[in-house]
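Inspection log for the structure reproduced underneath, given as structure tokens.
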Amino acid sequence: MKAVYYDRFGSVDVLKVGDLPDPRPGSGEVLVRVAAAALNPKDVLVRKGKFRLISGRRFPRVPGYDFAGTVEKLGKGASGVAPGDEVYGMVNAWSGGTCAELVAVPAGELAPRPPSLSMEEAAAVPLAALTALQALRDLLGVRPGDRVTINGASGGVGLFAVQIASLLGGRVVGICSAGNAGLVCELGASEVIPYDERDPPASERRCDAFFDVFGNRPYPLVRPDLSHPHRHVTTVPSGGAILREITSRLLGRSVRMVAVKSNRPDLEQLTRWIDAGEVRPVVDRIRPLEDSSEAHAYLETRRARGKVVLTVGR
Ligand SMILES: NC(=O)c1ccc[n+]([C@@H]2O[C@H](COP(=O)([O-])OP(=O)(O)OC[C@H]3O[C@@H](n4cnc5c(N)ncnc54)[C@H](OP(=O)(O)O)[C@@H]3O)[C@@H](O)[C@H]2O)c1
């Protein structure tokens, strides 16, 4: 199969496109012919070797966690889909592997693709939208009437977070650059704080729940602006965030760190919202698999407006 891969950790220069052996679906796995794969900052961090202790050092390594495609074959004991079904999902394993023509995925980590989306749009959903859903619903417990601030509102996770926080009944304040304020409001924010134009007064900073998607507004910084009991979730596993996650779990507090996990019920929830027109992916750009290096380099600028997607099998 054709795949993007690398043989050592490093910059975008380590990425190559070539032929690798086809994966075989193991027990409980589904072999998917990938039509499109989305990139995430996790792909960049893993490629640079930042998570080598947990991601492992086996090469060649194929990047990609998000995919949309067609079921090719079922492994022993896999159920819930059939060959020919169009599906989308996110691979939980650190090994990734979706930037390739074929990927073997545990059956619980995919769901039927939202019929209203193209393959490229569907691939843009899973990791980012599941992160937003699990952070806002499960960790922050967003309730109707909550004032919810989302830092990094115009990125891959942020644009889903704005829409999902609004759906959960929150009054959303988005922090993004002034140039993206219009998009963030269009998707459901009632206010925007343009971080590149001004420092907001305390009255604008006050909130009931804070989702630090971008990762530069950790709990100690935001704490004075939070109503009681404090609710803050970060995406970035810093030493402080890990320590706070452990103590919060022990003490039942809502100062947490999200660690997204793919599962079929959450994917199905996203599908219902998407097909009802209540959530939509924003795709910044679509590139062919051959342009993976350029796509990774763009993601690394940290200025993507929504998702960066690779077309794989067409
Ligand atoms: N723990 C988990 O399970 C998990 C899951 C998903 C993601 N993450 C992490 O979450 C982070 C965000 O992921 P993502 O996919 O949303 O990234 P992304 O799409 O690359 O984020 C890009 C966005 O960041 C915004 N941004 C840049 N500088 C900013 C600043 N100073 N303040 C606020 N926003 C700024 C940009 O908005 P402007 O252009 O408007 O500035 C751009 O829209 C990454 O670190 C990722 O690794 C963790």
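Indexing begins at 1, ligand by ligand and atom by atom, following the structure's order. Heavy-atom basis, side chains included; hydrogens, waters and symmetry copies ignored.
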Quick check: [X] and ligand 1, any N/O pair under 3.5 Å apart?
X      : result
Arg303 : yes
Val236 : no
Tyr195 : yes
Thr131 : no
Gly156 : yes
Leu299 : no

Is it the case that [X] and [Y] place a side-chain donor and acceptor less than 3.5 Å from each other?
X      : Y      : answer
Asp275 : Ser116 : yes
Gln134 : Asp266 : yes
Tyr65  : Ser262 : no

May I ask you to decide whether [X] forms a salt bridge with [Y], counting only side-chain N to carboxylate O separations under 4.0 Å?
X      : Y      : result
Asp7   : Arg61  : no
Arg231 : Asp146 : yes
Lys48  : Glu300 : yes
Asp208 : Arg143 : no

Give the atoms of ligand 1, by number and element, whose distance to some non-hydrogen atom of [X] is under 4.0 Å.
X      : value
Asn216 : 30 (C), 31 (N), 32 (N)
Val213 : 10 (O), 11 (C), 12 (C), 16 (O)
Val157 : 6 (C), 7 (C), 13 (O), 14 (P), 15 (O), 16 (O)
Leu127 : 5 (C), 6 (C)
Arg302 : 11 (C), 12 (C), 17 (O), 20 (O), 21 (O), 22 (C), 23 (C), 24 (O), 25 (C), 26 (N), 27 (C), 36 (C), 42 (C), 44 (C), 45 (O)
Asn180 : 38 (P), 39 (O), 40 (O)
Thr235 : 1 (N), 8 (N), 9 (C), 10 (O), 11 (C), 48 (C)
Asn151 : 32 (N), 33 (C)

Select one of side chain, backbone, both or neither to describe which atoms of Ala259 lie under 4.0 Å from any atom of ligand 1, heavy atoms only.
->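 Near ligand 1, Ala259 shows its backbone, while the atoms from C-beta on stay back.
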Non-hydrogen atom of Ala128 closer than 4.0 Å to ligand 1 =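 Not so, Ala128 does not reach ligand 1.
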Does Gly215 have a non-hydrogen atom less than 4.0 Å from ligand 1?
->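 No, Gly215 has no heavy atom closer than 4.0 Å to ligand 1.
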Within 45° cone of Tyr298 ring axis and under 6.0 Å: Arg285 NZ or CZ |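 Yes.
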Indicate if Val34 and Val283 have the same hydrophobic cluster label, given that clusters are the connected sets of ILVMFWY residues with side-chain heavy-atom separations under 4.5 angstrom.
-> no
Ring centres of His230 and His228 under 6.0 Å apart?
-> yes
